[in-house]
Protein chains: 2
Amino acid sequence: MTDPRRGPGTGLSRPTVSRLPGYLRALSSLAGSGTVRVSSAELARLTGASPAVLRRDLAGLGQLGRRGVGYPVATLQQAISQALGLVEDQPVVLVGAGHLGSALAGYAGFEDRGLRLCAVLDADPRLIGQRRGAVVVQSIDELEDTVTAAAARLAILAVPTGAAQSVAERLVAAGIRGLLNFAPVDLAVPAGVTVRAVDLSTELQILAFHQAELRPGPTGAPPSP
Amino acid sequence: MTDPRRGPGTGLSRPTVSRLPGYLRALSSLAGSGTVRVSSAELARLTGASPAVLRRDLAGLGQLGRRGVGYPVATLQQAISQALGLVEDQPVVLVGAGHLGSALAGYAGFEDRGLRLCAVLDADPRLIGQRRGAVVVQSIDELEDTVTAAAARLAILAVPTGAAQSVAERLVAAGIRGLLNFAPVDLAVPAGVTVRAVDLSTELQILAFHQAELRPGPTGAPPSP
DNA sequence: TAGATTGTTAATCGATTAACAATC
DNA sequence: TAGATTGTTAATCGATTAACAATC
């Protein structure tokens, strides 16, 4: 056994975990329109997954569907929320109240999705005291106290590139275990801490490849839809 | 042959393409500090990839390194830029000049990374004429003309969820082939168009799983770093 | 020459797909 | 019963890893 990356008990692969939020979103939409039951074929269509992958993913969460019938929407929502650790709202600390941080704080989907923005911090004294979403901007000096008080394990980093690494280190030292990094830099963190990076350039560069790749090939006829 | 997803000539796998921007970023940093040569071990360390994956990825771009020596930084930058289709700056259209759109427009790394923000569009008449980054906000009525005039194939969608699908359709009809979607909705697009989605909730929910997973297991002792 | 490092091959690992028996 | 749909198995596919020969 070299690297047992799977968690204790939960036998969910990385790709499976990355698809669960998408299922959850589609299920919320279905629930919102009063749908109580859904088939793997329908949910797959809504999320872009294949029906086989979907059934396999869901089978990993327990005996949720009924053969010949489908899946109960509410049960599925509960099971996925539980698997992701979102049964109780997860407190999230946001560092950075600039343009990007403000936009993220205003995101209207935290509560609905098992997340709760519990604090916004910034180093700029002029921003302290201003409203962002449902909270008031605090000084970054209060970082450690805030993370501890909220028992937060998730944080969003929307600070200038030059500050990202040191703020990340303070967050981790205070107890943060999952970091969503919007600064264009590769953070170094200790084992046991997960970083996900969102970088505008990276995303656009990947898209650039795909659009460049799909030039009309040597065969003259363009592919029909 | 069922689904030849690889492009004409360029034999780059999806995971390889998604790693190239990271290499490019590390190389820019190296070049900035005057480094002219780098080994796969060092570049791997900087980007978090394994040296073997890195060499394999780069081998797909041509004969770039020299055995016993390493890779020339400048040559590598050129080769990756070429592979991604960024030798000439790619024009990018941004739709949405609200909080998020404004933050994205202010992103200071477009030019350095082979991208050029060529227009910002919004439906709100009060925003039209305001500066965002290096450009002035135009009416969304000019969407088709703008995309055509710039020959843009990449666009960023930072509009309200309810508007995302219809704006996406207009962009695609005007010639956009790669869409970076910040709205929390699964866009339906025709074949040949690539969508990448950035969703705050999705990212945080994935992080929630990882931090929940890493609870101390049944064995008493916490894992040492 | 000796040491270093790439490019490449073969082995391993893991995920997806297709098919179908179980079961509602 | 007949039709539908899940849960699961086996086959396929693709990526990563480890090792090393080639070569600077």
Side-chain angles (χ1 to χ4, degrees), chain A residues 1-7 10-20 22-23 27 30 35-76 79-80 83 206 209 213, chain B residues 1-7 10-20 22-23 27 30 35-76 79-80 83 206 209 213:
Chain A
M1 198 188 305
T2 41
D3 186 321
R5 199 57 68 95
R6 302 232 170 142
T10 91
L12 302 182
S13 75
R14 200 179 304 248
T16 295
V17 171
S18 73
R19 283 187 294 263
L20 292 181
Y23 303 157
L27 289 165
L30 288 170
T35 308
V36 298
R37 218 174 42 200
V38 67
S39 70
S40 62
E42 173 66 0
L43 191 53
R45 193 186 61 76
L46 290 170
T47 59
S50 86
V53 154
L54 182 63
R55 289 201 299 274
R56 200 168 225 282
D57 287 344
L58 296 180
L61 305 183
Q63 184 85 355
L64 298 170
R66 270 171 59 191
R67 290 163 139 102
V69 178
Y71 298 91
V73 170
T75 304
L76 228 46
I80 296 177
I206 293 171
F209 173 83
E213 197 190 23
Chain B
M1 200 188 306
T2 41
D3 186 320
R5 198 59 67 94
R6 303 232 169 139
T10 92
L12 301 182
S13 75
R14 199 179 306 246
T16 293
V17 171
S18 74
R19 284 187 295 262
L20 292 181
Y23 302 157
L27 288 166
L30 288 171
T35 308
V36 298
R37 217 173 45 201
V38 67
S39 70
S40 62
E42 173 67 1
L43 191 52
R45 193 184 60 76
L46 290 170
T47 57
S50 87
V53 154
L54 182 63
R55 289 201 299 274
R56 201 166 223 285
D57 286 345
L58 296 181
L61 305 183
Q63 183 85 354
L64 297 170
R66 269 171 58 192
R67 291 162 137 104
V69 178
Y71 298 91
V73 169
T75 305
L76 228 47
I80 296 177
I206 293 171
F209 172 83
E213 196 191 24

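Throughout, a chain's letter reflects where its sequence line sits, starting with A, and its residues are numbered from 1.
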Student: Quick one: is S40(A) getting a side-chain N or O under 4.0 Å of the dT6(D) phosphate, OP1 or OP2?
Tutor: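 Checking S40(A) against dT6(D): at least one side-chain N or O falls below 4.0 Å of OP1 or OP2.
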Student: Distance from S50(A) atom OG to D57(A) atom CG, nearest 0.5 Å?
Tutor: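 Nearest 0.5 Å value for the OG-CG distance: 8.5 Å.
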Student: To check you understand the geometry: which heavy-atom pair defines the closest contact between A83(A) and L20(A), and what is its length?
Tutor: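 Looking at all heavy atoms of both residues, the shortest contact is CB-CD1, 4.5 Å.
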Student: Would you mind reading off the distance between D57(A) atom CG and dG7(D) atom P, rounded to a whole angstrom?
Tutor: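 Taking CG of D57(A) and P of dG7(D), I get 12 Å after rounding.
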Student: Please state how far atom CD in Q63(A) lies from atom C1' in dT5(D), giving the value in whole angstrom units.
Tutor: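 Nearest whole value for this atom pair: 13 Å.
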Student: Tell me, with the steps shown, if Y23(B) and L76(B) meet side chain to side chain contact (heavy atoms under 4.5 Å, CB included).
Tutor: CA-CA 9 Å; Y23(B) 302 157; L76(B) 228 47; over 6 Å; no
Student: Please report the interatomic distance CG(L43(B)) to CZ(R55(B)), rounded to the nearest 0.5 Å.
Tutor: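 It comes to 11.5 Å.
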Student: Identify whether any heavy atom of T16(A) sits under 4.0 Å from a base atom; if not, whether one sits that close to sugar-phosphate; answer base, sugar-phosphate or nothing.
Tutor: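 Contact class for T16(A): none.
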Student: Remember a base hit wins even if backbone is also touched, and classify R19(A) as base, sugar-phosphate or nothing at under 4.0 Å, heavy atoms.
Tutor: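 The answer is sugar-phosphate, as R19(A) gets under 4.0 Å only of primed atoms, P, OP1 or OP2.
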Student: Rounding to a whole Å, what distance do you find between R14(B):CZ and dA15(C):C1'?
Tutor: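 Rounding to the nearest Å, CZ of R14(B) and C1' of dA15(C) are 13 Å apart.
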Student: Of the options L54(A), L58(A), L27(A), which is the one that meets Y71(A) in a side-chain contact (heavy atoms from CB on, under 4.5 Å)?
Tutor: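 It is L58(A); the other options fail the test.
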Student: Could you check V69(A) against R55(B) and say which one's nearest nucleotide on DNA chain C is further toward the 5' end?
Tutor: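 That would be R55(B).
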Student: Just compare dT16(D), dG7(D), dA15(D) and give me whichever is closest to any side-chain atom of A59(A).
Tutor: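 Closest nucleotide to the A59(A) side chain: dG7(D).
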Student: Go ahead and write out DNA chain C as dot-bracket, 5' to 3': ( ) for pairs within the strand, [ ] for ones crossing earlier pairs, | when the partner sits on another strand, dots for unpaired; Watson-Crick or G-U wobble, both distances under 3.5 Å.
Tutor: ..||||||||||||||||||||||
Student: Counting just side-chain N and O atoms, does S50(A) come under 4.0 Å of either OP1 or OP2 of dT17(C)?
Tutor: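 Yes, S50(A) has a side-chain N/O under 4.0 Å of OP1/OP2 on dT17(C).
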Student: Regarding R66(B), tell me which of base, sugar-phosphate or nothing describes its non-hydrogen contacts under 4.0 Å with the strands shown.
Tutor: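 It contacts sugar-phosphate atoms only.
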Student: Distance criterion of 3.5 Å, no angle test: do you see the side chain of R67(B) paired donor-to-acceptor with the base of dT5(C)?
Tutor: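 Donor-acceptor pair under 3.5 Å: no.
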Student: Which whole-number value in Å describes the distance from L54(B) CG to dA18(D) P?
Tutor: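 In whole Å, dA18(D) P lies 15 Å from L54(B) CG.
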Student: The side chain of Y71(A) lies closest to which of these nucleotides: dT16(D), dT6(D), dC20(D)?
Tutor: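 That would be dT6(D).
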Student: Categorize L64(A) for me: base, sugar-phosphate, or nothing, with a 4.0 angstrom heavy-atom threshold over every strand shown.
Tutor: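 Here L64(A) touches the backbone only, sparing every base.
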Student: Quickly work out the L61(B) CG to dT8(C) P distance and round it to whole Å.
Tutor: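 Computing the L61(B):CG to dT8(C):P distance gives 12 Å.
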Student: Expressed in angstrom and rounded to an integer, what is the separation of L43(A) atom CG from dG7(D) atom P?
Tutor: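 It works out to 13 Å between those atoms.
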Student: Which of the following nucleotides, dT17(D), dA15(D), dT9(D), is nearest to the side chain of R56(A)?
Tutor: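 Looking only at side-chain atoms, R56(A) lies closest to dT9(D).
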Student: Nearest 0.5 Å, please: how far is CD1 in I80(B) from CZ in R19(B)?
Tutor: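 Answer for the CZ-CD1 pair, R19(B) versus I80(B), is 11.5 Å.
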Student: To the nearest 0.5 Å, how far apart are CD in E42(B) and CG in L30(B)?
Tutor: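 So the gap between those two atoms works out to 6.5 Å.
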